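Note that the structure is predicted; figures quoted are calculated from it, not measured. Counting starts at 1 for both ligands and their atoms, in listed order.
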Amino acid sequence: MKRTRAIELPAEEIEAQKGWMREFAALTDRPHTYCVVTYGCQMNAHDSETLEGMLAEMGMTPAKSRETADFVVFNTCCVRDNAQRRALGNVVWLKELKKSRPELMVAVCGCMMQQPGMGEQILRQYPFVDLAFGTHNLYRFAQLMLQAVKSRRRVVEVLQDDEGSIPEELPVRRSSPHHAYITIMYGCNNFCSYCIVPYVRGRERSRASARILEEARQLHAEGVKEIMLLGQNVNSYGLDTEGELSFAQLLAQLDQIGIERIRFMTSHPKDLSDELIEVMAASKHICHALHLPVQHGNNRILQSMNRRYTREKYLERVAAIRAKVPDVSLTTDLIVGYPGETEEEFEDTCSLVREVGYDSAFTFIYSPRVGTRAADMPDQILEEVSSRRIQKLIAIQKEITHARLASYVGQIHSVLVDEASKRDAGQMAGKNEYNITVNFPGTPDLIGQIVRVKITSAGESTLRGECVEN
Ligand code: SF4
């Protein structure tokens, strides 16, 4: 059933949290410097920006390094086993540091904490962790931290709240003055059989469009050049709330604000509407870059994955967008070694990749996640088989990427300049409208500006060019 409005946390709750932040800042016997270590996707990266915003209000400043920080917080991911293992490995590494600096405080939060039993596991196996919390109570961070510091006891709080709620008006410390993330919705309803996200992020909750538009206007006024709209499935934005704008309508309104570039991710192919394609084609500011995760090229596997589209339907959506937005740059995610995947089925993924011609692809070996349907399926694929398959797929995509990048040579692209090259200060690097890195000779005063660059050569995953007159 649809909600009548977005489920925002009461303003009094946020005000109370801001009170805890001030109270923490007033303490003298507390950590003063912090380091936030982030794993996983852009949603997590943006959550870390919120954590940093709260840390700043709590009177803390970024440490020069993880080793010297008074407080280290790990914002974890559990989408793949190796992300989880890396996070836990780093948490364990701090155990030694804490022996020599007992005042060091350690926190663990994020998706990994939302898995059943993880709170107890942290208490049992990681006695040097002072604070642990999940994704649904991130907004309570200051209160929990205050509790841990004042009581000098460990605090673990993980809320199991599938419906979740939406915290507005929390402080954010953005990592770039010219790029900004805007979360437009939380959670996912899709339950792809291999994916843990719906279990750890809860059901779809859309932020009110008025809030999103206001945030975008504010960012525009602050000089932000590019916004990235975030959601697990942005194409179903608004469907959970009666009378809310559709994603395409939201994009059309954002386009009017005048921010130079609008990007979004992630789009589920089943929900890529004609309306959205029309808006992209007609817009001034929506980048012609679309991340459209296909995951697999075989219909039996797609069905088993519960993706709710066929190979044919996916290709039809690709054709539809290319018809209206001919220069669109397509990227994707691919899984190899899904349970039961035969050699022929894997070849279907290879042929689909050739047929679409993605600019780039993120390729993953299937990673069983406890609690998901696919983890209990028979015929889990041997690691050596998956490794061989992924190598083949990477080699195919590498060739396609090179050909796609070579096709840009001679074109003039607009590039949002991010930074000077670490190796050569005379070289600038930025992203073009297709989200591809472009390197070109330039000076640091260009950082944060959009410049026109003529593409002169293509590397394996980046382009090279020369600035031309604006
Ligand atoms: S759409 Fe599927 S893969 Fe994406 S977050 Fe939801 S369940 Fe996971």
Participant: Any idea which atoms of ligand 1 are less than 4.0 Å away from a heavy-atom of Pro198?
Facilitator: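 Going through ligand 1 atom by atom, the ones under 4.0 Å from Pro198 are 7 (S).
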
Participant: So, 4.0 Å and heavy atoms of Gln295: is ligand 1 close enough to count as a contact?
Facilitator: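 No; Gln295 lies far enough from ligand 1 that no heavy-atom distance drops under 4.0 Å.
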
Participant: Name the closest protein heavy atom to atom 6 (Fe) of ligand 1, giving the residue it belongs to and the distance to 0.1 Å.
Facilitator: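 Result for atom 6 (Fe) of ligand 1: Cys188 SG, 2.2 Å.
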
Participant: Among protein heavy atoms, which sits nearest to atom 8 (Fe) of ligand 1, and what does the distance come to when rounded to 0.1 Å?
Facilitator: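 The answer is Cys195 SG, 2.3 Å.
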
Participant: How are the rings of Tyr358 and Tyr314 set to each other: parallel, tilted or perpendicular (split at 30° and 60°)?
Facilitator: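 Tyr358 vs Tyr314 ring planes: tilted.
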
Participant: Quick test: of every protein heavy atom, which one is nearest to atom 1 (S) of ligand 1, and how far off is it to 0.1 Å?
Facilitator: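 For this ligand atom, the closest protein heavy atom is Asn190 ND2, 3.4 Å.
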
Participant: Would you kindly specify which portion of Asn233 sits under 4.0 Å from ligand 1, judged on non-hydrogen atoms: side chain, backbone, both or neither?
Facilitator: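 Asn233 to ligand 1: no contact under 4.0 Å from either part.
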
Participant: Looking only at protein heavy atoms, which one is nearest to atom 2 (Fe) of ligand 1, and how far off is it?
Facilitator: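 Ranked first by proximity to atom 2 (Fe) of ligand 1 is Cys192 SG, 2.3 Å.
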
Participant: Would you say NZ of Lys284 has more than 12 non-hydrogen atoms from neighbouring residues, nucleotides or ligands within 6.0 angstrom?
Facilitator: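 Atom NZ in Lys284 is not packed in, count stays at 12 or less.
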
Participant: Output yes when a side-chain donor or acceptor of Asn189 lies under 3.5 Å from a complementary backbone atom of Glu204, and no otherwise.
Facilitator: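 Yes; at least one donor-acceptor contact below 3.5 Å.
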
Participant: Kindly confirm or rule out a cation-pi arrangement of Arg140 over Trp20, judged by NZ or CZ under 6.0 Å from the six-membered ring centre and within 45° of its axis?
Facilitator: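 Checked: cation-pi criterion not met.
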
Participant: Do Tyr194 and Tyr366 have ring centroids that are under 6.0 Å from one another?
Facilitator: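 No, they do not, as the ring centres are separated by 6.0 Å or more.
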
Participant: Mark up the atoms of ligand 1 that fall under 4.0 Å of a heavy atom belonging to Arg307, in ascending order.
Facilitator: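 Close to Arg307: 2 (Fe), 3 (S).
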
Participant: With a heavy-atom distance limit of 4.0 Å, tell me whether Tyr194 approaches ligand 1 through its side chain, its backbone, both, or neither.
Facilitator: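 The answer is the side chain of Tyr194.
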
Participant: In this structure, is the centre-to-centre distance between the rings of Phe346 and His296 below 6.0 Å?
Facilitator: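 Ring centres of Phe346 and His296 not closer than 6.0 Å.
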
Participant: Ring centroid separation for Tyr434 and His413, is it under 6.0 angstrom?
Facilitator: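 Yes, the ring centres sit under 6.0 Å apart.
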
Participant: Of all the atoms in ligand 1, which lie at a distance below 4.0 Å from a heavy atom belonging to Phe191?
Facilitator: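 Here the atoms of ligand 1 in question are 7 (S).
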
Participant: Determine whether the aromatic ring centres of Phe71 and Tyr34 lie less than 6.0 Å apart.
Facilitator: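 Distance test on ring centres: not under 6.0 Å, no.
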
Participant: Between Pro293 and ligand 1, which residue portion shows a heavy-atom distance shorter than 4.0 Å: side chain, backbone, both, or neither?
Facilitator: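 Neither part.
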
Participant: Under a 4.0 angstrom heavy-atom cut-off, which atoms of ligand 1 come close to His268?
Facilitator: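 Reading through ligand 1 atom by atom, the close ones are 1 (S).
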
